[in-house]
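Since the structure comes first, as structure tokens, the remarks are kept for the end.
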Amino acid sequence: LKINHGAYTGTLGSAFSDAATNASSVKYLSLANNGFTGAITATGNTSLLGVDLSNNAGITTLSLPDNNLQAVMLSGLTALDSLNLSGNKLQQTCASYDENKFISGAGGSDDVNGGCLYITGDNALTKLDISHNLFRKLGHNSTLSGMTALTHLYGHHNKFTTFSNSVNNFGNRPAVAARPSLEHLTG
């Protein structure tokens, strides 16, 4: 389901959660390029595999824990302060993504861009929770380089071989573990 390019503005709040939970046949939801603002929360939807909320600069909090998400596309979210993607099926950070592949469900497959988290652009992100996923490493400079304000990073219960190496290669900025602003790190 694709609803984008300036068609909607304002807060989504519980409307997003209700739609994501009750629309059991929707597997891929693109709400990119609108004017959504505020906090968005949706928990426990096992049919929704992918979400694209890119270019909704007013979104401040995004909480999508305990879903079945395999693809999350988040570029241009400049006000984003808190991101909770715990308990999903994300496997990697990606340098790019193909919107057509995302919308079509990768040709009918449930493998959307390989369990991809795509997040770019400078943002105000202070808290990132990617715990309880399938990550093996974090990488791709263009994907994670905008997280300069990060103070809390939760990465436990993933498939990291060495979490500290993944964290130290986190984007093209100074190593996350070495940042004086990082107050809490789990992995």
Side-chain angles (χ1 to χ4, degrees), residues 11-14 16-17 20 29 31-32 36-45 48 50-95 97 115-160 162-187:
T11 58
L12 276 172
S14 63
F16 179 85
S17 180
L29 180 60
L31 297 172
F36 294 122
T37 60
I40 297 174
T41 301
T43 303
N45 181 319
L48 189 63
V51 174
D52 184 351
L53 288 162
S54 298
N55 301 315
N56 284 288
I59 295 174
T60 56
T61 301
L62 185 56
S63 184
L64 303 172
D66 303 319
N67 291 290
N68 195 32
L69 294 174
Q70 298 174 19
V72 177
M73 309 306 156
L74 306 170
S75 63
L77 301 182
T78 54
L80 188 64
D81 176 64
S82 178
L83 177 58
N84 181 354
L85 296 171
S86 63
N88 284 290
K89 292 186 177 180
L90 299 169
Q91 300 174 30
Q92 61 185 329
T93 54
C94 301
Y97 87 102
C116 181
L117 168 61
Y118 178 72
I119 181 168
T120 62
D122 287 334
N123 52 57
L125 198 63
T126 60
K127 180 182 174 187
L128 173 61
D129 188 344
I130 55 169
S131 63
H132 300 274
N133 273 283
L134 303 171
F135 283 102
R136 294 189 184 280
K137 67 178 184 173
L138 300 174
H140 299 292
N141 290 343
S142 63
T143 303
L144 300 169
S145 63
M147 298 183 188
T148 58
L150 196 64
T151 59
H152 291 75
L153 174 60
Y154 303 91
H156 55 280
H157 292 102
N158 275 287
K159 295 186 176 194
F160 293 114
T162 308
F163 185 65
S164 61
N165 286 345
S166 290
V167 170
N168 287 331
N169 294 318
F170 192 68
N172 62 4
R173 308 290 170 98
V176 171
R179 290 183 192 166
S181 64
L182 192 64
E183 299 169 9
H184 191 83
L185 173 67
T186 66

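Positions are given from 1, in the same order as the sequence printed here. Being a predicted model, the structure only gives us computed values, none of them experimental.
Counting heavy atoms from C-beta on, the side chains of Leu48 and Asn68 never come closer than 4.5 Å. Within the 4.5 Å cutoff, no side-chain heavy atoms of Tyr118 are placed close to those of Asp52.
Here Leu85 contributes atom CG and Leu62 contributes atom CG; the two are 6.5 Å apart, rounded to the nearest 0.5 Å. In this structure, the separation between CG on Leu74 and CG on Leu64 is 8.0 Å, given to the nearest 0.5 Å. For the atom pair CG (Leu31) and CD1 (Ile59), the distance works out to 8.0 Å, reported to the nearest 0.5 Å. Summarising the geometry, atom SG belonging to Cys116 is positioned 12.0 Å from atom CG belonging to Leu69; distances are rounded to the nearest 0.5 Å. Note that NE2 of His152 and CG of Leu128 are 12.0 Å apart. Values are rounded to the nearest 0.5 Å. To the nearest 0.5 angstrom, Asn133 atom CG is 8.5 Å from Leu117 atom CG.
Between His156 and His132, the ring planes lie perpendicular to each other; the angle is over 60°, past the 30° to 60° tilted range.
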Trace of the side chain to side chain donor-acceptor pair (under 3.5 Å) decision for Thr41 with Ser63 = CA-CA 5 Å; Thr41 301; Ser63 184; 4.6 Å; no
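Counting only distance, with no hydrogens or angles, the side chain of Thr61 and the backbone of Ala39 share no donor-acceptor pair below 3.5 Å. Of the possible polar contacts, none joining the Asn67 side chain to the Asn88 backbone as a donor-acceptor pair under 3.5 Å is found.
The two residues Ile130 and Phe135 come nearest to each other via the heavy atoms CB-CE1, 3.7 Å. A pairwise comparison of heavy atoms in Met73 and Ser54 identifies O-OG, 3.4 Å as the closest pair.
Applying the side chain to side chain contact (heavy atoms under 4.5 Å, CB included) criterion to Thr60, with sequence neighbours excluded, gives Ala79. With sequence neighbours excluded, the residues satisfying side chain to side chain contact (heavy atoms under 4.5 Å, CB included) with Asp129 are Asn84, Ser86, Ser131, Tyr154. Partners of Thr126 by side chain to side chain contact (heavy atoms under 4.5 Å, CB included), not counting sequence neighbours, listed by chain and number: Asp81, Ala149, Thr151. Residues meeting the side-chain hydrogen bond (donor to acceptor under 3.5 Å, both in side chains) test with Asp66, sequence neighbours left out: none.
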